[in-house]
Amino acid sequence: PSSKKTPLMQDERFNLIKFNVLNVGQFFKDPDGLVEYLTEYNPTFIIIGWSFSTNGDLFVALRSKGFFSKMLLEFDLRSIKSPSASLSDDQIKLLKKADQPADWAGHGKDLRK
């Protein structure tokens, strides 16, 4: 490998990146709609253009619906296994199940139901 780095704009892989600019204000009173939109788009990265807080409405909405969990798990999986790795359907179903209110007695140790 060369010690000289290729400028980003000259890197062929840069042309494969898809960008989507979204005004999240359109989902101000519809956090479920935002999560549905982002789930369909399936981004690898999210860049937020304002001061972001872990107690803010956006973070709470994305975390409570398992969206951030999926992104972080896939990031870890790609770092460990392969850049093209992704969660299995069963793993995604488990994340969605964790988002649902429990309708059974117990202490949260059993996810088999």
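Positions are given from 1, in the same order as the sequence printed here.
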Item checked: Short side-chain to backbone donor-acceptor contact, Gln10 and Pro7, under 3.5 Å ->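 The answer is no, because no donor-acceptor pair under 3.5 Å joins these two groups.
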
Note to self: Check whether Glu74 reaches the backbone of Leu87 with its side chain - one donor and one acceptor, N or O, closer than 3.5 Å.
What the structure shows: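 Yes, Glu74 side chain to Leu87 backbone: donor-acceptor pair under 3.5 Å.
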
Item checked: Residues in side-chain contact (heavy atoms from CB on, under 4.5 Å) contact with Ser79, at least two apart in sequence or another chain ->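 By the side-chain contact (heavy atoms from CB on, under 4.5 Å) rule, Ser79 matches Phe75.
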
Check: In chain order, what residues pass the side-chain contact (heavy atoms from CB on, under 4.5 Å) check against Asp32, with sequence neighbours excluded?
Finding: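 Asp32 satisfies side-chain contact (heavy atoms from CB on, under 4.5 Å) with Asp30, Lys65 once adjacent residues are dropped.
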
If you measure from [atom1] on [X] to [atom2] on [Y], what distance do you get to the nearest 0.5 Å?
X     : Y     : atom1 : atom2 : result
Asp57 : Phe27 : CG    : CZ    : 15.0 Å
Ser69 : Leu94 : OG    : CG    : 10.5 Å
Leu38 : Asn20 : CG    : CG    : 8.5 Å
Leu22 : Tyr41 : CG    : OH    : 10.0 Å

Kindly check if the number of other-residue, nucleotide or ligand heavy atoms within 6.0 Å of [atom1] ([X]) is above 12?
X     : atom1 : answer
Arg63 : CZ    : no
Phe45 : CZ    : no
Ile17 : CD1   : yes
Phe14 : CZ    : yes

Note to self: Within the structure provided, determine whether Ile92 and Lys70 are in side-chain contact (heavy-atom separation under 4.5 Å).
What the structure shows: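 A side-chain contact under 4.5 Å exists here.
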
Next item on the list: Answer whether the closest heavy-atom distance between the side chains of Ile48 and Val24 falls below 4.5 Å.
Entry: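 No, too far: nothing below the 4.5 Å cut-off.
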
Item checked: From CA spacing to verdict: side-chain contact (heavy atoms from CB on, under 4.5 Å), Phe67, Leu34 -> CA-CA 10 Å; Phe67 186 79; Leu34 174 62; over 6 Å; no

Item checked: Test log, rule side-chain contact (heavy atoms from CB on, under 4.5 Å), inputs Tyr37 and Gln26 -> CA-CA 11 Å; Tyr37 178 88; Gln26 295 172 321; over 6 Å; no

Margin query: Do Ile80 and Leu72 sit in one hydrophobic cluster, given that two such residues count as connected whenever their side-chain heavy atoms are within less than 4.5 Å of each other, even indirectly?
Written below: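 Result: no, two separate clusters.
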
Next item on the list: Determine, using the 4.5 Å side-chain heavy-atom cutoff (strictly less than), whether Val35 and Met71 are members of one ILVMFWY cluster.
Entry: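 Yes, Val35 and Met71 fall within the same hydrophobic cluster.
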
Next item on the list: Return the minimal non-hydrogen interatomic distance between Arg78 and Ala85, and the atom names on each side.
Entry: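 In terms of heavy atoms, the two residues are closest at NE-O, 2.8 Å.
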
Checklist line | Step-by-step side-chain contact (heavy atoms from CB on, under 4.5 Å) determination, Asn55 to Val60 | finding: CA-CA 7 Å; Asn55 295 321; Val60 171; 5.8 Å; no

Check: Going by atom types only, do Glu36 and Thr39 share a side-chain donor-acceptor pair under 3.5 Å?
Finding: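 No donor-acceptor contact under 3.5 Å links the two side chains.
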
